[in-house]
Amino acid sequence: MDGQYHSVEFHPSSTAREVMELVKSKIGLPESAQGYAIYEVLGSLERSLLPEEKVADVMSRWEKYNNAAAQAAQQIQQTNQTNGNRRQHYIFLFKKHLFCDHYLNFNDPVEKELLYHQVLHGLRSERYPITEMEAVMLTALQGQLELGDCTETLQDYRTVASHCLPPRFVPNIPHEAVAMHHQSLRGTSATDAKKSFLNLIQSWPLHKATIYDVMQSFTSNWPRILWLAVDQKGIHLLEHRSRNTLCTYEYASILQYSPHLNCLMIITGTEKKQSKIILTTSQAFQIANLIREYSQVVRQNLTDHKKTVLPPPPVPEHSIGLTTSKKGSKIQFATKTS
């Protein structure tokens, strides 16, 4: 996610979990780091590999896809005399997958750097709703990181903005406003600038959520195109590219979810009263898998919490004096002194 490529050798039978441990060791993440996953990426589409999935099998599928695409392109080229021989480009991506509070360790410099670059990617791909003022402040902070202190010469901040903002923001970024905020950061170290950058992102309550574009048609009261946010607390439906949350369903209220090729059905409520949500999306299986993984973490946390709640200690027998009478029993609690 930080743009670096690493070569990792692994056995053909190695699973995604085993390869992930190799990657963590390669980049300096501690073994205790949790919540990461390996993704296969094609263009803007990505899929997290299941822990027991064999990485070599995924690469074998890539080869089959490319061979089939090459044959189809060759037929098109012979028919239309056009150059259609274009291979698809697949990559493996290592990044944070589950953003649980106890999985985040900003004290580890490697994890902090990875999360920072993952946030940048989320901003560029428009997975964080930001205002124009926030865009100015983020560009100024990124400018302090990349350029250092502001100079007297007015900078063209479009290149800096392209590193931390969605493409539609970049051409119209107000350079004077950015320069003014950049000037106020004079003397700020790169570490502090990065910390302020992340703090600004974390001001949004759903900053840890994974965002998906979905469509709905079950109610006319909401827009057709929505955001679906999945995080450690539950699922949230929002207006598209907005912070306006329309509804939230905690995992305890999700009775069933069923992914299909182009849609996801979610049943919420109680056994007596249920409601059905049908969302149109090409990432239904990815969403369902993420819901399942977060639900498992929530259940495990509840189990661990119950184990830590101990019953009150029993009162020693020698500290209780019991006397009886015709009218009944009388219990006297006394403290024994040595």
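For this chain, numbers begin at 1 and follow the sequence in order.
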In terms of side-chain geometry, is the basic nitrogen of D231 or K233 positioned less than 4.0 Å from the acidic oxygen of its partner?
no
With sequence neighbours excluded, residues passing side chain to side chain donor-acceptor pair (under 3.5 Å) with N107:
none
For P51, side chain to side chain contact (heavy atoms under 4.5 Å, CB included) partners two or more places apart
R17
Residue pairs fulfilling salt bridge (Lys or Arg N to Asp or Glu O under 4.0 Å) with at least one residue in residues 160-171, sequence neighbours excluded:
E126-R168
Pairing residues for N199 by the side chain to side chain contact (heavy atoms under 4.5 Å, CB included) criterion, not counting sequence neighbours:
K195, Q202
Test side chain to side chain contact (heavy atoms under 4.5 Å, CB included) applied to C247 - qualifying residues, sequence neighbours left out:
W222, L237, Y249
Below 30° counts as parallel, above 60° as perpendicular, anything between as tilted: where do the rings of Y294 and Y251 land?
parallel
is_close_aromatic(H97, Y39), centroid dist under 6.0 Å:
yes
With M137 as partner, the option from T131, L200, V178 fulfilling side chain to side chain contact (heavy atoms under 4.5 Å, CB included) is L200
Polar contact flag, side-chain donor to acceptor under 3.5 angstrom, S253-T268:
no
Do C150 and L185 come close enough that some side-chain heavy atom pair is under 4.5 Å?
no
The complete set of salt bridge (Lys or Arg N to Asp or Glu O under 4.0 Å) pairs with one or both residues in residues 142-155, sequence neighbours excluded, reads none
Heavy-atom side-chain proximity of L206 to T245 below 4.5 angstrom:
yes
Can you list, by chain and residue number, the hydrophobic cluster partners of I278 when the side-chain cut-off is 4.5 Å?
L255, M265, I267
Here the gap from T159 atom OG1 to Q142 atom CD, rounded to the nearest 0.5 Å, amounts to 11.5 Å
Sequence-distant partners of D101, side chain to side chain contact (heavy atoms under 4.5 Å, CB included), two or more places apart
K208, Q232
Who are the side chain to side chain donor-acceptor pair (under 3.5 Å) partners of E239, not counting sequence neighbours?
N244
Could you tell me which residues satisfy side chain to side chain donor-acceptor pair (under 3.5 Å) with W204, sequence neighbours excluded, listed by chain and number?
none
So W62 and F92, would you call those rings parallel, tilted or perpendicular, with 30° and 60° as cut-offs?
tilted
A quick test of your reading: do over 12 heavy atoms of other residues, nucleotides or ligands sit less than 6.0 Å from CZ of R47?
yes
Which residues pass the side chain to side chain donor-acceptor pair (under 3.5 Å) test with E21, not counting sequence neighbours?
K24
With sequence neighbours left out, what residues match F169 under ring-ring contact (aromatic ring centres under 6.0 Å, His included)?
none
